[in-house]
2 protein chains.
Amino acid sequence: MSPSTYSISDLASEFDVTTRSIRFYEDQKLLFPTRKGQTRIYSGPDRVRLKLILRGKRLGFSLAETRELFELWDESTTGSMKQLELLMTKIQEKKAALEQQLKDIAMLQLELDSAESRCQDAMNELKNNPV
Amino acid sequence: MSPSTYSISDLASEFDVTTRSIRFYEDQKLLFPTRKGQTRIYSGPDRVRLKLILRGKRLGFSLAETRELFELWDESTTGSMKQLELLMTKIQEKKAALEQQLKDIAMLQLELDSAESRCQDAMNELKNNPV
DNA sequence: TTTTGGCTTTACGTTTACGTAAACTTCCGC
DNA sequence: GCGGAAGTTTACGTAAACGTAAAGCCAAAA
């Protein structure tokens with residue numbers, strides 16, 4: 001079964017990032033591993049956070065954005081109505097941004113498909129009509 | 001009907017970017033407007049290029065990546081088989097990257113939906129059970 | 001004619017997200 | 001008990017993508 005704690009290099013190799021990056025995320029208040037002496041110990045939830053950070057990055061989220069979401073989420077457990085409404089707003093914003101991204105991807109896929117077939121045509125032409 | 005040429009501020013306002021950015025893209029060999037005296041004149045194809053640059057940016061493409069695709073595409077008209085094959089490879093790579101992005105978005109949408117309903121629950125709870 | 005608005009170049013500054021090197025501790029196997 | 005691997009902190013360096021003056025050209029309006 002999957003372990004319940006991880007070393008920094010465990011996570012680094014699993015997600016293919018450098019330990020430097022992981023420490024940097026901690027520096028930016030995105031991760032809060034516990035310590036055993038000086039050594040960082042990462043829990044299951046820590047690991048999930050890292051996964052979310054990286055997913056966010058692949059989608060163009062800045063670390064600051066991701067941190068803001070984490071903070072709102074964390075505060076929401078103890079939060080006032082105001083806090084909850086703010087969180088809700090941010091969630092809607094991100095959802096809307098993802099919708100826009102889906103559109104962008106769809107457009108780009110069409111263009112790449114078109115480019116692909118033009119490219120294919122050119123290759124066939126070259127085969128049948130060598131210079 | 002839509003004009004066939006554009007000033008730099010036309011494009012800047014249409015796409016909501018600064019003229020500084022547009023000039024920077026030119027500096028990075030992504031755009032090649034003609035000149036009337038010193039003033040830049042953008043054609044329809046130039047405008048399309050800018051749109052592609054910005055779409056790429058929203059999807060996390062670096063300017064260098066986008067430029068490489070542009071260059072391969074431009075060279076493909078006069079290109080050898082080698083060139084065409086390289087272009088084809090790059091197109092496949094981008095398509096694969098977009099597929100990954102679709103997965104990331106799907107995952108994140110699920111998580112945001114879940115967060116949204118938890119948030120909604122917490123808000124209802126607060127309404128029915130005020131502190 | 002002057003001044004205003006938009007364009008230009010040049011160049012240094014800034015933010016984000018790390019890379020990289022130095023110098024140090026801790027533990028593990030031999 | 002010693003070397004090496006893996007961890008740590010501190011701190012300067014870097015690439016990308018612009019921001020932000022500074023200083024000047026040029027055409028239309030006042």
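Here is the naming used below: chain letters follow the sequence lines, and residue numbers restart at 1 for every chain. Remember, predicted model here, so these are calculated numbers, not experimental data.
A salt bridge (Lys or Arg N to Asp or Glu O under 4.0 Å) check over residues 97-107 of chain A, counting only residues at least two apart or in different chains, returns the pairs A:Asp104-B:Arg58.
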Identify the pairs formed between an N or O of the protein and an N or O of nucleotides 8-10 of chain C at a distance under 3.5 Å, and give each distance.
| from | atom 1 | to | atom 2 | distance (Å) |
| --- | --- | --- | --- | --- |
| C:dT8 | OP1 | B:Arg40 | N | 2.7 |
| C:dT8 | OP1 | B:Arg40 | NE | 2.9 |
| C:dT8 | OP2 | B:Arg23 | NE | 3.2 |
| C:dT8 | OP2 | B:Arg23 | NH2 | 2.8 |
| C:dT8 | O3' | B:Arg40 | NH2 | 3.4 |
| C:dT9 | OP1 | B:Arg35 | NH1 | 3.2 |
| C:dT9 | OP1 | B:Arg35 | NH2 | 3.2 |
| C:dT9 | OP2 | B:Arg40 | NH2 | 2.0 |

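Between A:Asp10 and B:Gln28, the residue anchored closer to the 5' end of DNA chain D is A:Asp10, taking for each the nucleotide with the nearest heavy atom.
The same ILVMFWY cluster, assembled from side-chain heavy atoms under 4.5 Å apart, contains both A:Tyr25 and A:Val48. Cluster annotation: A:Leu108 is connected to B:Leu102 through the hydrophobic network of ILVMFWY side chains, with a link wherever side-chain heavy atoms come within less than 4.5 Å. A single hydrophobic cluster is seen to contain both B:Phe70 and B:Leu11, as judged by linkage of ILVMFWY side chains at heavy-atom distances under 4.5 Å, directly or through other members. When the side chains of ILVMFWY residues are joined at heavy-atom separations under 4.5 Å, either directly or via intervening members, B:Leu87 and A:Met123 end up in two distinct hydrophobic clusters. Hydrophobic cluster membership is shared by B:Tyr42 and B:Phe15, with clusters built from Ile, Leu, Val, Met, Phe, Trp and Tyr side chains linked at under 4.5 angstrom.
Bracketed by its first and final contacts, the part of DNA chain D lying under 4.0 Å from non-hydrogen atoms of chain B reaches from D:dA17 to D:dT20 in 5' to 3' order.
Scanning residues 50-69 of chain A for heavy-atom distances under 4.0 Å to DNA chain C yields A:Lys57, A:Ser62, A:Leu63.
With A:Ser114 as reference, A:Arg118 is the one residue of A:Glu111, A:Glu116, A:Arg118 to meet the side chain to side chain contact (heavy atoms under 4.5 Å, CB included) rule.
Ion pairing between B:Glu71 and B:Lys29 fails under the 4.0 Å rule for side-chain N and carboxylate O.
In terms of the salt bridge (charged side-chain N to carboxylate O under 4.0 Å, His left out) criterion, residue partners of B:Glu65 (sequence neighbours excluded) are, by chain and number, B:Lys94.
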Donor-acceptor pairs under 3.5 angstrom involving side-chain atoms of residues 77-85 of chain B: please list them, not counting sequence neighbours.
| from | atom 1 | to | atom 2 | distance (Å) |
| --- | --- | --- | --- | --- |
| B:Thr77 | OG1 | B:Asp74 | O | 3.2 |
| B:Ser80 | OG | B:Lys82 | N | 3.4 |
| B:Ser80 | OG | B:Gln83 | N | 3.3 |

